[in-house]
There are 2 protein chains.
Amino acid sequence: MRTKTPTTPLSRAELVSLSNDIRLACMRISRRVRFESDRELPPHLYSVLVRLEETPRTNSELADIERVSAPSMKRTTSALVELGYVSRADDPTDGRQVILSLTPEGQKVLRRVRRHRDEWMLSRFEHLTDEERELLQRAAAVLAKVASK
Amino acid sequence: MRTKTPTTPLSRAELVSLSNDIRLACMRISRRVRFESDRELPPHLYSVLVRLEETPRTNSELADIERVSAPSMKRTTSALVELGYVSRADDPTDGRQVILSLTPEGQKVLRRVRRHRDEWMLSRFEHLTDEERELLQRAAAVLAKVASK
DNA sequence: TATTGTTATACTCTATAACTATA
DNA sequence: TATAGTTATAGAGTATAACAATA
């Protein structure tokens, strides 16, 4: 068990300053990570592939999740089908619906994009000390909590 | 002076896992922060206002900084002038150039957008313990280092 | 009649190419 | 002639409205 270090609660001013610092750092990291893989696959295509990796879905479901209109999502999914990353199949129980699934090619491109993104992060970690890395590891759980719904 | 806690250097596998965790948390936080203020001012307009807050610049300079074409930047800056957030002035020493500056209205909208963004972060911090906040404060400097250059 | 998918049309932001004015 | 700004035009992604097929 780690020895509890006594901490002084942060003042309101310190919290405002902290929120600004964390926000800026996250936005800058996010921008640079995206920049690393935008050439491979545009952001909105990537986002939809991630949703289809979880489970096959219909066009309407994807439109709801990504908060775009059905026609816009139709454009996106058509492009993904065209690229061979997504396949279409009629729903056997409801003739109106079309089920969209990730193809093996789609899985491959997801792995490739993630590898590029993580490689950039890893390269940034090289400039850190062991203590800084350990600090980030403990902070990761807190950041996940901040990011969570 | 804080007592140095002995740390074990993270393994390669732990670093890969960490890079994924930090990347995901930053991207999710970034997405939600942007969502908080997109209705106030589209991202590309906000970004240009921030550049003009630093110092007045020409259209070409802004296009270079933001990595968009000169005609695209022209559209953006024209919209900002139309909104009253940016003013145009002829360069007295070079008749070809037009200097763009932030107006008082532009400064006000920047303050408003930042307040919205930070308010979201602050609301998220309410769910944290004092220890978690203190941890984030120390991690902020490391995250800034990761995001830098 | 309600719902899913699709097509038609338009608006925004992006780009490249061409034109104007000044150095 | 070179450079800054601008205008013309086109492409990609978004939207709303209308239409087709199925429940």
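Chain letters run A, B, ... following the sequence lines, proteins first, then strands; residues in each count from 1. Everything quoted here is computed from the prediction, not taken from an experiment.
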Rounding to a whole Å, what distance do you find between [X]:[atom1] and [N]:[atom2]?
{"X": "B:D90", "N": "C:dA21", "atom1": "CG", "atom2": "P", "value": "14 Å"}
{"X": "B:E66", "N": "C:dC13", "atom1": "CD", "atom2": "P", "value": "14 Å"}
{"X": "B:L83", "N": "C:dT12", "atom1": "CG", "atom2": "P", "value": "13 Å"}
{"X": "B:D91", "N": "D:dA4", "atom1": "CG", "atom2": "C1'", "value": "11 Å"}
{"X": "B:I99", "N": "D:dA4", "atom1": "CD1", "atom2": "P", "value": "12 Å"}
{"X": "A:L45", "N": "D:dT14", "atom1": "CG", "atom2": "C1'", "value": "14 Å"}
{"X": "A:L62", "N": "C:dT4", "atom1": "CG", "atom2": "P", "value": "13 Å"}

If you look only at distance, which donor and acceptor atoms sit under 3.5 Å apart when one is on a side chain in residues 17-27 of chain B and the other is two or more places apart or in another chain?
from, atom 1, to, atom 2, distance (Å)
B:S19, OG, B:V16, O, 2.9
B:N20, ND2, A:D118, OD2, 3.2
B:R23, NE, A:D118, OD1, 2.7

| said: Grouping I, L, V, M, F, W and Y whenever their side-chain heavy atoms are under 4.5 Å apart, do B:V81 and B:V50 come out in a common cluster? | reply: yes

| message | Hydrophobic clustering (ILVMFWY, side-chain heavy atoms < 4.5 Å, transitive) - are A:L136 and B:L128 grouped together? | response |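 Yes, B:L128 and A:L136 fall within the same hydrophobic cluster.
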
Pairwise N/O distances under 3.5 Å, protein to nucleotides 6-12 of chain D:
from, atom 1, to, atom 2, distance (Å)
D:dT6, OP1, B:R88, NH1, 3.4
D:dT6, OP1, B:R88, NH2, 2.4
D:dT6, OP2, B:K74, NZ, 3.4

| task | Report yes or no: does A:E36 contribute a side-chain atom to a donor-acceptor pair with the main-chain N or O of A:V33 at less than 3.5 Å? | result | no

| message | I'd like to check the side chain to side chain donor-acceptor pair (under 3.5 Å) partners of B:Q97; sequence neighbours left out, ordered by chain and number. | response |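 Expected list: B:D91.
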
| message | Applying side chain to side chain donor-acceptor pair (under 3.5 Å), can you list everything that pairs with A:S60, at least two apart in sequence or on another chain? | response |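 With sequence neighbours excluded, A:S60 shows a side chain to side chain donor-acceptor pair (under 3.5 Å) to no residue whatsoever.
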
| said: For a quick test of reading the model: is some side-chain N or O of A:S69 closer than 4.0 Å to OP1 or OP2 of D:dT14? | reply: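 So the side chain of A:S69 is outside the cut-off, no N or O lying under 4.0 Å from OP1 or OP2 of D:dT14.
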
| task | Please check the phosphate of D:dT14 (OP1 and OP2 only) for any side-chain N or O of A:T76 closer than 4.0 Å. | result |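 Yes.
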
| message | For residues 40-49 of chain A, which residue pairs pass the salt bridge (Lys or Arg N to Asp or Glu O under 4.0 Å) check, not counting sequence neighbours? | response | A:E40-A:R112

| remark: For B:S148 and B:K145 the tightest heavy-atom approach is OG-O, 2.8 Å

Close N/O contacts between protein and nucleotides 20-23 of chain D (under 3.5 Å):
from, atom 1, to, atom 2, distance (Å)
D:dA23, OP1, A:G95, N, 3.0

| query | Between A:P42 and B:T58, who's closer to the 5' end of DNA chain D by nearest nucleotide? | reply |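 Of the two residues, B:T58 wins.
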
| said: One pair to check against salt bridge (charged side-chain N to carboxylate O under 4.0 Å, His left out): B:E134 and B:R138. What are the steps and the verdict? | reply: CA-CA 6 Å; B:E134 201 260 348; B:R138 285 191 289 135; 3.6 Å; yes

| request: Identify whether any heavy atom of B:S60 sits under 4.0 Å from a base atom; if not, whether one sits that close to sugar-phosphate; answer base, sugar-phosphate or nothing. | output: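 The residue B:S60 makes sugar-phosphate contact but no base contact.
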
